[in-house]
Amino acid sequence: MYGPVLLVIAHGSRDPRHAATVHALVRRVRSMGVPPGRAEPRPWGRPGLRVETGFLDFNAPSVPRVLERLAFEGVREVVALPLLLTRAFHAKADIPAVLAQAPPQLDIRIADVLGPSPLLLSTVERRLQEALYEAGLTPADKRSTGVVLASAGSTDPEAIAVIADVARELRHTGWCAVRPAFASAALSGGYPRTEDAVRELRASGVRRVAVAPYVIAPGFLPDRIARGARDADVLADVLGAAPELARLLLVRYEEARARAAGPAALTA
């Protein structure tokens, strides 16, 4: 087996599309390889890296159940990777609390959340370009297209700042304007809802408006984003099982492996 077991920790949802997307992403990760001695993974098709999936809520298997099974099988080292785009409540509280209850024989290191990362920006760009193509447009049309970067929402200042940074970086790739938005007004952090951001861009005079969901998998809040995009010209897909996202999971795994024991390491 190649290194510690990689445990991908997803939030979970009553919407079956959520778990299906998470499993599709994990299958793509399993199909990719990590050359020894490199932090940047390549598609080598190595079967040696064991990748497991656990959910915090709603879906099976739960994180505690996966950890119990790994301990029973004699596994000793685990890299726990939060399938989260920002470091907010789930990353700061929920996941550490669950891992603290793991079997004592497991040495668990917590990887960083996925964002921010150029690979995430590349995934958003991929989804937007796919949506433009489906709408009969070309990459050249991005110069006259404004983008609403719609995330689920958070009250965490760190997460809100990251979303603002991602919007700025996306603007630098050639879109004529980018506005961050949140799906939930209750978690707006001062950002408009998706539909309000669409109206703001339209009023600013952009030729067309595209909505880019900054979420990994379908579910309740992504559906709210889609409803808020009804007056937009283009709606991109969720990030899903994009190859760039799968590569990012392996990058975070390698970073966690390479770190010496410290604040990001947790021995249960």
Side-chain angles (χ1 to χ4, degrees), residues 15-18 20-29 31-32 40-43 83 85 114-152 163 165-183 192-219 221-251:
D15 190 321
R17 297 173 299 167
H18 175 91
T21 301
V22 170
H23 290 310
L25 176 60
V26 169
R27 284 195 299 271
R28 186 180 284 274
V29 173
S31 74
M32 301 175 74
E40 185 71 6
R42 293 178 180 173
L83 196 62
L85 299 179
L114 300 180
S117 167
L119 286 170
L120 274 179
L121 197 66
S122 296
T123 307
V124 174
E125 185 72 18
R126 168 190 286 272
R127 294 306 188 214
L128 280 166
Q129 293 294 345
E130 291 170 348
L132 287 182
Y133 178 79
E134 291 175 4
L137 302 168
T138 70
D141 290 305
K142 69 188 295 185
R143 293 193 298 269
S144 56
T145 302
V147 174
V148 174
L149 183 71
S151 64
I163 297 300
D165 289 342
V166 174
R168 281 191 290 269
E169 291 296 322
L170 189 61
R171 170 68 179 83
H172 294 155
T173 66
W175 303 94
C176 72
V178 179
R179 298 282 192 275
F182 281 171
R193 296 175 303 166
T194 305
E195 52 266 42
D196 296 329
V198 170
R199 282 193 288 268
E200 288 176 10
L201 279 177
R202 191 78 73 191
S204 72
V206 300
R207 182 175 300 177
R208 68 186 62 82
V209 176
V211 173
Y214 194 62
V215 292
I216 294 174
L221 289 177
D223 283 350
R224 182 178 287 178
I225 291 172
R227 290 193 297 273
R230 282 178 299 201
D231 292 333
D233 302 287
V234 174
L235 173 62
D237 200 359
V238 298
L239 303 182
E244 296 88 351
L245 193 57
R247 289 180 61 207
L248 179 54
L249 265 65
L250 290 176
V251 168

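One is the number of the first residue; the rest follow in order along the sequence.
Of the possible donor and acceptor atoms, one in the side chain of Arg28 sits under 3.5 Å from a partner among the backbone N and O of Ala241. Under the 3.5 Å distance criterion, the side-chain polar atoms of Asp233 are matched with a main-chain donor or acceptor of Val209. Looking at Thr123, its side chain does come within 3.5 Å of a backbone N or O of Leu119 through a donor-acceptor pair. When atom types are taken as modelled, the side chain of Arg193 and the backbone of Ala197 share no donor-acceptor pair closer than 3.5 angstrom. Between the side chain of Arg179 and the backbone N or O of Pro192 there is no donor-acceptor pair closer than 3.5 Å.
Remark: Leu239 CG to Thr21 OG1 distance equals 10.5 Å, nearest 0.5 Å. Expressed to the nearest 0.5 Å, how far SG of Cys176 lies from NZ of Lys142 amounts to 11.0 Å. Of the inter-residue distances, the one linking Arg168 atom CZ with Ile163 atom CD1 reads 11.5 Å to the nearest 0.5 angstrom. Annotation: the span from Leu235 atom CG to Ile225 atom CD1 amounts to 9.0 Å, rounded to 0.5 Å. Atom NE2 of His23 is separated from atom NE2 of His18 by 9.0 Å, given to the nearest 0.5 angstrom. Separation of atoms CG (Leu248) and CG (Leu85) is listed at 9.0 Å; rounding is to 0.5 Å.
Side-chain contact between Val238 and Ile216 is absent, with no heavy-atom pair separated by less than 4.5 Å. Arg208 is listed as a side-chain neighbour of Leu137, based on a closest heavy-atom distance under 4.5 Å. Between Asp223 and Arg227, some side-chain heavy-atom pair lies under the 4.5 Å cut-off. Considering only heavy atoms from C-beta on, Thr145 stays 4.5 Å or farther from Val234 through its side chain. Between Leu120 and Val166 there is no side-chain heavy-atom pair separated by less than 4.5 Å. By the 4.5 Å heavy-atom criterion applied to side chains, Leu221 and Arg224 are counted as neighbours. At a threshold of 4.5 Å between non-hydrogen side-chain atoms, the residues Thr138 and Leu132 do not count as touching. Residues Val124 and Leu149 form a side-chain contact, since some pair of their non-hydrogen atoms from C-beta on lies under 4.5 Å apart.
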Could you go through Leu170 and Glu125, starting from their C-alpha distance and side-chain angles, then the distance that decides it, and tell me whether this counts as side chain to side chain contact (heavy atoms under 4.5 Å, CB included)? CA-CA 8 Å; Leu170 189 61; Glu125 185 72 18; 3.8 Å; yes
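In plain terms, the two heavy atoms of Ala150 and Thr194 that are nearest each other are CB-OG1, 3.7 Å. Nearest approach of Pro180 to Ala167, heavy atoms of both residues: CD-CB, 4.1 Å. Here the closest non-hydrogen pair linking Val198 and Ala232 is CG1-N, 4.0 Å. Among all heavy-atom pairs drawn from Val215 and Ala152, the shortest one is CG1-N, 4.0 Å. Contact detail for Met32 and Ala246: the closest heavy-atom pair is SD-CB, 3.5 Å. Ala242 approaches Leu25 most closely through the heavy-atom pair O-CD1, 4.3 Å.
In this structure, Glu244 does not pair ionically with Arg127, as no charged nitrogen and carboxylate oxygen lie closer than 4.0 Å. Using a 4.0 Å cut-off between charged nitrogen and carboxylate oxygen, Arg126 and Asp237 do not count as a salt-bridge pair.
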